[in-house]
Each structure stands twice: as C-alpha cells, then as structure tokens.
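Ligands are counted one by one from 1 in listed order, and the atoms in each one are counted from 1 as well.
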Amino acid sequence: MAPVALDNSPKSYKIAQIGGDGIGPEVISAGVAVLKAVAKKAGFSLDFTELDWSSDRYKRTGSYVPKDYIEILKQHDAIFFGAVGAPDVPDHISLWGLRLAICQPHMYANVRPTRILAGTQSPLRDCAPGDLDWVIIRENAEGEYAGHGGRSHRGLPHEMGTEVSIFTRAGIERIARFAFETARARPRKMLTYVTKSNAMRNGMVLWDEVIEGVAAEFPDVTMDHMLVDAMTVRMTLHPRSLDTILATNLHADILSDLAAALAGSIGIAPTANLDPTRTMPSMFEPIHGSAFDITGKGVANPVGTFWSAAEMLRWLGEERAAGMLMRATEAACADGIKTADLGGQAGTEEVTRAVIERL
Ligand code: NAI
Ligand code: MG
C-alpha cells in the first residue's frame, strides 16, 4: 500500500521585511511583533527575512538594492515595507531606487482601503465610523508615473522638461477588471472611476472608453464617472455616496492622501501593491512616508502598518487572522490607546503592546 502523505506541519509563509528609512523601521518592527503574535494565535508561522535596503545602503554602496533583488524577492510569499526617503537624497532618486524598483511593473494594482476606525475622529463634521468606507484602486504600473520624458537645454532660460504619461489599453483593461471585481465583492457593488478627460483629451479619453467597455461585463455593478477636481469636493461633502474608487496613478496618489486625512490621519492608512497574477510577491506598506520630523522619537503611529499587515494576511489566504488583527487594532484605538496624530498620548511601543494584549 502506498504511504499516505500526511502533512501536519503548520502553514508557513516567507516574508521579505524592508523597514527602509526614517520611521519605516520603527513601524515595521512593531508590525512584525503583532504579526508574530497573530500567527501564533491563528496557528501558522511567518518567517521574516530582514533586508537592509534603504538610503543608508544607497549612500554606502551607490544602490538601494543588490543586483539580484528580484530573485531575492521571488523567494518570498509577500513583502512587508516601511517607507523610503532621506533628507540628504533627492526624493526621485530614493523613490525610483527602491519603492518603484520593486513595484513596477508587476504590481499593477495599488489598493487603499479607507475607513474611520472606532475611537478615531474624522475632521469632517458629523462623520462617524461607517460613514466613510472606501477602497481606492490606483493604477500602479504606468500612467503619469511611467518615467517617460526628458530634460534639455539645462541651465538656459529656455530649459525644458517633459513628463510623458503612458496609458495603454492593456494596462487600463486589467486595472478596470480588478476594480470591478473589487466593487462586486463589496456589499454596495458601486464603482466610481475618476479621470480628467475634459482637459486631457488623449490618454484620459482612452481610459473612459476602455472602462465603459469593461463595464458591460459587470452589469451588477453600479458605475459612475467623476472628473478628478470635482471628486475632491464629493469626497469631502458626500463621503457616503462613494464606495470603490478607480483612478490613474497620479490622481489616486493624491486622492488617497485626501482620503487618509478625511478618515482621521495619514498614520492609519494602509496600502497593498498587488500582482493579481501572483507572478511576483505583492508588497504591503503604510501609505505615509519616512516622516523625518518624528523619526527616533518613538511616536510614529503603527496603525497604518498593522492594517497593511492585515491586508497582507488576507492576500496570503489567512482571512481569519486578518480579521483578528483588525479587531485588536480597532479595540486598542477605541480604548484610547492612540498616538498623538490621533489625539492620543501613547507611543509606538505602547500601541503595539495594547494590540498584542487584545489579540
Ligand atoms: P510623510 O508621510 O513622511 O509625513 C507627512 C506628515 O505626516 C509629517 O508631519 C509626519 O510626521 C506625519 N506622519 C507620517 N506618518 C506618520 C505616522 N505613522 N504617525 C504619525 N505621524 C505621521 O510625508 P513627507 O513628509 O511628504 O515625506 C517624507 C519623506 O518620505 C520624503 O522623502 C518622501 O519622498 C518620502 N515618502 C515615501 C513614501 C513611501 O515610501 N511610500 C510615501 C510618501 C513619502
Ligand atoms: Mg502618496
């Protein structure tokens, strides 16, 4: 009789851990601590590889990442990322050297859930938890951040620079399908897509056309269209009228910072950079940057990182653990254990301990 293969060992996931710069390593260590606690509770294990890819590495070696960085990342199930950016390195060097080097072009869907968490307050009058519950889908591989363009006549009065947006039918179609599927999986089944197809009459009109075409495949999803400037007004004045939001790389970058502020603080907002084809591991990070102004003070809000960690668990298939982590995080907020950006007095460590206790 052939032996029956019995695998009783608990599930294990390999996570690439990149703290990066500024408060990045502070919030990522906090995130690793809560992840280890939730994994223990839920009965699986997480194996972290700490990578020193950062501006320090760049200043030391001339590069943010080693040559074989894609191969290294591919040996993992997910990437847990802090932030990149240093006061003495131009931001376009740090961003392209690390974050975009990792995310482009595979992770074409950038997903940013936004909600008012229990115990936190929106700057919008009369807006309570439940009144603002959005998922912003950002096209993450092309568009305005494709990196095309150039500079010439440097230093002369007629010096010029071009920044060319690249919009492709294939790129728009895949992100539109992803957005419709996201909208369909949510209770309200609503999608608002955002462009600026009045002033920008080529690529943005292509967006409109492609999305209207994909919409035919999703008759159960209610769709509407907004111009990006009017969208800022609707988000602020009529937050309940929105659910799933799709926008280009630049527009969604800006709208998601607005969304984070309207939900209470940039310190709580999460991001998932997904490769829906699962060719590459996906990357999970808080949306905030390296925040030099508060680095080393122990006051960085780790909630955006915890929420990103929950999104990572969900992507790995650990839905139950993701829910546990979100409930514990929200319970700590509700009990008033919050950092200063949310009006509290706790430090990063205290919030982290509080979440672990509630797990
Ligand atoms: P930032 O997000 O680092 O900070 C903006 C403001 O929010 C600061 O006052 C900061 O103290 C506060 N803040 C941010 N995160 C916080 C947290 N977790 N808890 C409490 N307060 C928090 O954005 P800024 O100042 O524009 O950029 C700083 C650096 O970060 C730059 O080099 C920039 O390029 C980089 N950056 C990197 C990002 C990434 O790696 N994904 C995203 C945004 C900026
Ligand atoms: Mg941004």
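Within the structure, ligand 1 has Asp293 among the residues with a heavy atom less than 4.0 angstrom away. Contact analysis leaves Gly304 out of contact with ligand 1, as no non-hydrogen atom separation drops below 4.0 angstrom. Distances shorter than 4.0 angstrom do not occur between any heavy atom of Val27 and any atom of ligand 1. Heavy atoms of Thr305 stay at 4.0 angstrom or farther from ligand 1. Not a single heavy atom of Leu95 sits closer than 4.0 Å to an atom of ligand 1.
Considering backbone and side-chain N/O atoms, Val84 comes within less than 3.5 Å of an N/O atom of ligand 1. Residue contacts with ligand 1: Ala83 is placed with no nitrogen or oxygen under 3.5 Å of a nitrogen or oxygen of the ligand (distance criterion only). Distances between N or O atoms of Val299 and those of ligand 1 include no value under 3.5 Å.
Within 6.0 Å of CD on Glu349 lie no more than 12 heavy atoms contributed by other residues, nucleotides or ligands.
Counting only non-hydrogen atoms, the option in Gly289, Ser55, Pro90 that gets closest to atom 42 (C) of ligand 1 is Gly289. One option in Val303, Asp91, Ile294 has a heavy atom closer to atom 21 (N) of ligand 1 than any other, and that option is Ile294. In this structure, of His288, Glu285, Lys297, His92, the residue bringing a heavy atom nearest to atom 15 (N) of ligand 1 is His288.
Counting atoms of ligand 1 from 1 in the listed order, those under 4.0 Å from a heavy atom of Arg99 are 39 (C), 40 (O), 41 (N). Short contacts between ligand 1 and Ile287, defined as distances under 4.0 Å to a heavy atom of the residue, involve ligand atoms 42 (C). Of all the atoms in ligand 1, the ones that sit under 4.0 Å from a non-hydrogen atom of Gly85 are 32 (O).
Phe284 and Trp315 have tilted rings, their planes meeting at an angle from 30° to 60° on a 0 to 90° scale. Below 30°, between 30° and 60°, or above 60°: for His158 and His153 the angle between ring planes is between 30° and 60°, a tilted geometry. Ring geometry, Phe180 versus Phe218: the interplanar angle falls under 30°, so the pair is classed parallel (tilted spans 30 to 60°).
By the 4.5 Å heavy-atom criterion applied to side chains, Met107 and Ile102 are counted as neighbours. Using a 4.5 Å heavy-atom cutoff, the side chains of Leu325 and Val355 are in contact.
At a heavy-atom distance under 4.0 Å, atoms from both the backbone and the side chain of Asn301 approach ligand 1. If you look at Ile23 next to ligand 1, the close heavy atoms, those under 4.0 Å, all belong to the side chain.
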What do the steps show when you test Asp341 against Ser265 for side chain to side chain donor-acceptor pair (under 3.5 Å), and what is the final call? CA-CA 6 Å; Asp341 56 306; Ser265 168; 2.6 Å; yes
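The cationic group of Arg174 lies under 6.0 Å from the six-membered ring centre of Tyr108 and within 45° of the ring axis, placing it in a cation-pi geometry.
Closest non-hydrogen pair, Ala176 versus Ile211, comes out as CB-CG1, 4.1 Å.
In terms of the ring pair (Phe, Tyr, Trp, His ring centres under 6.0 Å) criterion, residue partners of Tyr13 (sequence neighbours excluded) are, by chain and number, Phe44.
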